[in-house]
Participant: 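Dumping the structure here so I can ask a few things about it.
Numbers restart at 1 for each chain; the letters A, B, ... are given by sequence-line order, proteins then strands.
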2 protein chains.
Amino acid sequence: MPAEAQRRIREEAAAVGAPTLTSFVFENLRRDIIAGIHAPGEKLRVEHIRAEFGVAASTMREALARLVSEGLVTAEGQRGFRVAPMSLADLRDITRLRLILETEALVESIRAGDVAWECQVVAAIHNITRAEERIGSMKAEDFSHWEECNKEFHRALGAACTSPRLQQLVEILYRQHERYRFQSMMRSAEDSGGTTRLRRNVHAEHEALMKAALDRDEDAARRILADHIQITADTFERRLAAIGEPKAKRAGRKAAGDSAVA
Amino acid sequence: MPAEAQRRIREEAAAVGAPTLTSFVFENLRRDIIAGIHAPGEKLRVEHIRAEFGVAASTMREALARLVSEGLVTAEGQRGFRVAPMSLADLRDITRLRLILETEALVESIRAGDVAWECQVVAAIHNITRAEERIGSMKAEDFSHWEECNKEFHRALGAACTSPRLQQLVEILYRQHERYRFQSMMRSAEDSGGTTRLRRNVHAEHEALMKAALDRDEDAARRILADHIQITADTFERRLAAIGEPKAKRAGRKAAGDSAVA
DNA sequence: TGCGGAGAAAATATCGATAAATTTTCGTTT
DNA sequence: AAACGAAAATTTATCGATATTTTCTCCGCA
């Protein structure tokens, strides 16, 4: 009954307001990859996921092509697609570029930002503060909500930047980084028996960042953001390295090859 | 006779050694866009180019998706594809990012580069020198060869950089920039009656750049490269602005809408 | 036992056709 | 004559099926 699955997908896509089936599939698969449902390095057999999503091969293929452009999937001509591998080197690479680009976007925002931008930033940090209060409950849901707020705060910081390309690159890098963020969180949760703790004084860093931004202190803001990004990455690195090999969440027929965080 | 066109395309693709029909179409269309054969903002009707290339719609579509990820084509859900517009603001945006990223890549190369890297750089500049000698003949072909050498030189400078992402971004930005480069060259050629002259002392800049790189003088190299990129962009900007509206090279049925270098 | 290659199985890339949306055309009404 | 809206025509997005390539398997041979 392909018509069945097809109708379901189509309805779901329409419900979310996806302009196109392809973009719906794209978003979903992206989420799955970030969440580690497809392990790094795992082969993505078009025929399989195509069936899973209930769409045609060419639709699936186009969604995959988009993921390739986001760096979450790799493609080798005539040899299909696979989930982009993860590695410490890769995390460092992402971090390095985030350092360069996000600080640049922030500085530009500080120069060009108007009051509306300031409001965005203040609102975002307020949101985080609230989320942090709730996080005491240690529920995974609250934590992922905090993640969302954190993401929004970072976006707000660079929102006044006038370069569309710069913003886009920052966005893409953040998404790639999110995969590591997610892994790190999972590991941490496993370690502490299902709950998650906020590491170090993230809140203070955010406050300082906001203050520098509102004071239009470019140098301070740049420095603080750089430290923030670097420290975050270091934390992840330690966590991932400490626990060692990642386990494939839902092992396909054969284990996912060579990819490893190690 | 679709089988005819199909066979021809396939042979041609095989001859160039393209791993896939899609990638062949992708490369060709990219060249066409950079060369202005498809004007900025022009609508790319899948059905048309599909027929022109002699491939199926889904193949064409995948090639277009890749071009979207390179920023040379834009796509709006349910409303098809069009050539990415060009504008002064866009040129400035590209330039800004090139300034950030290429200098970073260069500095990294200087830190990490070994003798093999030095050789690449020296070889590349020698190549340019030879090309510059030939350029006296004022033939368009020689000029485009010089362009190729110039591109190679820039690539060589960043080749020792250890960040794959950084290299990739630099590459993509250079390609986007190439479109402006090409336009600028065409205008210049029209103005001077079909021939092209080398502007200013590019050669001296290249020499200085190489020297700083080989001396491992990060600061000097960064400064020179930044100036080099900025000056190049300024030159293009002046040329394009001076001559005004771009003319669609091969006007489709209707003029290509709003896009303009102005 | 281990190597190499023919053949089968699976997966990829590509095609031609269809359904859904867009844009255009053209007649009608105020 | 302008504006509106419905039907036609074009175009996009999607599908199901096919041809080609890669991968796996298994058998013969040194």
Side-chain angles (χ1 to χ4, degrees), chain A residues 1-14 17-29 42-68 73-83 252-255 257, chain B residues 1-14 17-29 42-68 73-83 252-255 257:
Chain A
M1 262 144 243
E4 180 56 36
Q6 185 179 331
R7 179 163 305 273
R8 216 172 48 81
I9 285 290
R10 205 167 265 257
E11 275 172 15
E12 207 173 330
T20 265
L21 240 196
T22 299
S23 64
F24 178 76
V25 171
F26 162 73
E27 298 273 0
N28 271 54
L29 186 52
E42 181 184 318
K43 195 137 200 337
L44 293 172
R45 274 169 283 252
V46 176
E47 193 51 35
H48 282 220
I49 28 178
R50 174 212 80 93
E52 249 172 67
F53 277 105
V55 299
S58 72
T59 304
M60 197 64 232
R61 186 162 261 278
E62 200 169 322
L64 282 166
R66 283 210 228 168
L67 283 165
V68 169
V73 166
T74 63
E76 251 180 315
Q78 223 71 311
R79 214 162 293 170
F81 302 84
R82 51 181 63 228
V83 178
R253 29 213 68 195
K254 31 204 92 165
Chain B
M1 262 146 241
E4 179 57 35
Q6 186 179 331
R7 180 162 304 274
R8 214 171 49 80
I9 285 289
R10 205 167 263 256
E11 275 171 15
E12 206 173 330
T20 265
L21 239 196
T22 299
S23 65
F24 179 76
V25 171
F26 162 74
E27 298 273 0
N28 271 54
L29 187 51
E42 181 184 318
K43 195 139 201 337
L44 293 172
R45 274 168 282 252
V46 176
E47 194 51 35
H48 282 219
I49 29 178
R50 174 211 80 92
E52 250 171 65
F53 277 106
V55 301
S58 73
T59 304
M60 197 64 232
R61 186 162 261 278
E62 198 169 325
L64 282 166
R66 283 210 228 168
L67 283 165
V68 168
V73 166
T74 63
E76 251 180 313
Q78 222 71 310
R79 212 162 295 171
F81 302 85
R82 50 182 63 229
V83 178
R253 28 212 70 196
K254 29 205 92 168

Participant: Between D/dT14 atom C1' and A/Phe53 atom CZ, what is the distance in whole Å?
Facilitator: 16 Å
Participant: Measure from CZ on A/Arg61 to P on D/dC15 and round the result to the nearest Å.
Facilitator: 15 Å
Participant: In whole angstrom, give the distance that lies between atom CZ of B/Arg82 and atom P of D/dT12.
Facilitator: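 Taking CZ of B/Arg82 and P of D/dT12, I get 10 Å after rounding.
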Participant: Check every strand shown and say whether A/Arg79 touches a base, only sugar-phosphate, or nothing at a heavy-atom separation below 4.0 Å.
Facilitator: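 Here A/Arg79 touches the backbone only, sparing every base.
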Participant: Specify the separation, in whole Å, of atom CD of A/Glu62 and atom C1' of D/dT14.
Facilitator: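 Nearest whole value for this atom pair: 10 Å.
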Participant: Roughly how many Å is it from CD in A/Glu47 to C1' in D/dT21, rounded to a whole number?
Facilitator: 15 Å
Participant: Could you go through the side-chain contact (heavy atoms from CB on, under 4.5 Å) check for B/Phe26 and B/Glu62 one step at a time?
Facilitator: CA-CA 8 Å; B/Phe26 162 74; B/Glu62 198 169 325; over 6 Å; no
Participant: Side chain of B/Ser58, heavy atoms from C-beta onward: which of D/dT12, C/dC15, C/dT12 has the nearest atom to it?
Facilitator: C/dC15
Participant: Note the angle between the end axes of the helix from C/dT1-D/dA30 to C/dT30-D/dA1, five pairs defining each, rounded to 10 degrees.
Facilitator: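 Angle reported: 10°, given to the nearest ten degrees.
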Participant: Considering non-hydrogen atoms only, spot the tightest contact between A/Thr22 and A/Ala63 and give its length.
Facilitator: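 Distance-wise, the nearest heavy atoms are CG2-N, 3.7 Å.
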Participant: Closer to the 5' end of DNA chain D via nearest nucleotide, is it A/Gln78 or A/Pro19?
Facilitator: A/Pro19
Participant: Please give, in whole Å, the distance from C/dT22 C1' to B/Glu76 CD?
Facilitator: 13 Å
Participant: When rounded to the nearest 0.5 angstrom, what distance separates CZ in B/Arg45 from CE in B/Met60?
Facilitator: 13.5 Å
Participant: Is there a donor-acceptor pair under 3.5 Å between the side chain of B/Arg82 and the backbone N or O of B/Glu42?
Facilitator: no
Participant: When all nucleic acid strands are considered with a 4.0 Å heavy-atom cut-off, which category describes A/Thr20: base, sugar-phosphate, or nothing?
Facilitator: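 The residue A/Thr20 makes sugar-phosphate contact but no base contact.
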Participant: Give, for atom CZ of A/Arg61 and atom CD1 of A/Ile49, the distance between the pair rounded to the nearest 0.5 Å.
Facilitator: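 The CZ atom of A/Arg61 sits 10.5 Å away from the CD1 atom of A/Ile49.
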Participant: Which nucleotide sits closest to the side chain of A/Leu21: C/dA11, D/dT11, D/dT14?
Facilitator: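 My answer, after comparing the listed nucleotides, is D/dT14.
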Participant: When you match B/Gly80 and A/Val55 each to their closest nucleotide on DNA chain D, which lands nearer the 5' end?
Facilitator: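 Closer to the 5' end of DNA chain D: B/Gly80.
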Participant: Output the rounded distance in Å from CZ (B/Arg50) to P (D/dT14).
Facilitator: 18 Å
Participant: Roughly how many Å is it from CZ in A/Arg45 to P in D/dT22, rounded to a whole number?
Facilitator: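 So the CZ-P distance, A/Arg45 to D/dT22, works out to 17 Å.
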Participant: So, OP1 or OP2 of D/dT10: does either fall under 4.0 Å of a side-chain N or O from B/Lys43?
Facilitator: no
Participant: How long is the straight-line distance from CD of A/Glu76 back to OG1 of B/Thr20, given to the nearest 0.5 Å?
Facilitator: 11.0 Å
Participant: I'd like to check B/Leu29 versus B/Leu64 (side-chain heavy atoms, cut-off strictly below 4.5 Å). Are they in contact?
Facilitator: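 Yes, close enough: below the 4.5 Å cut-off.
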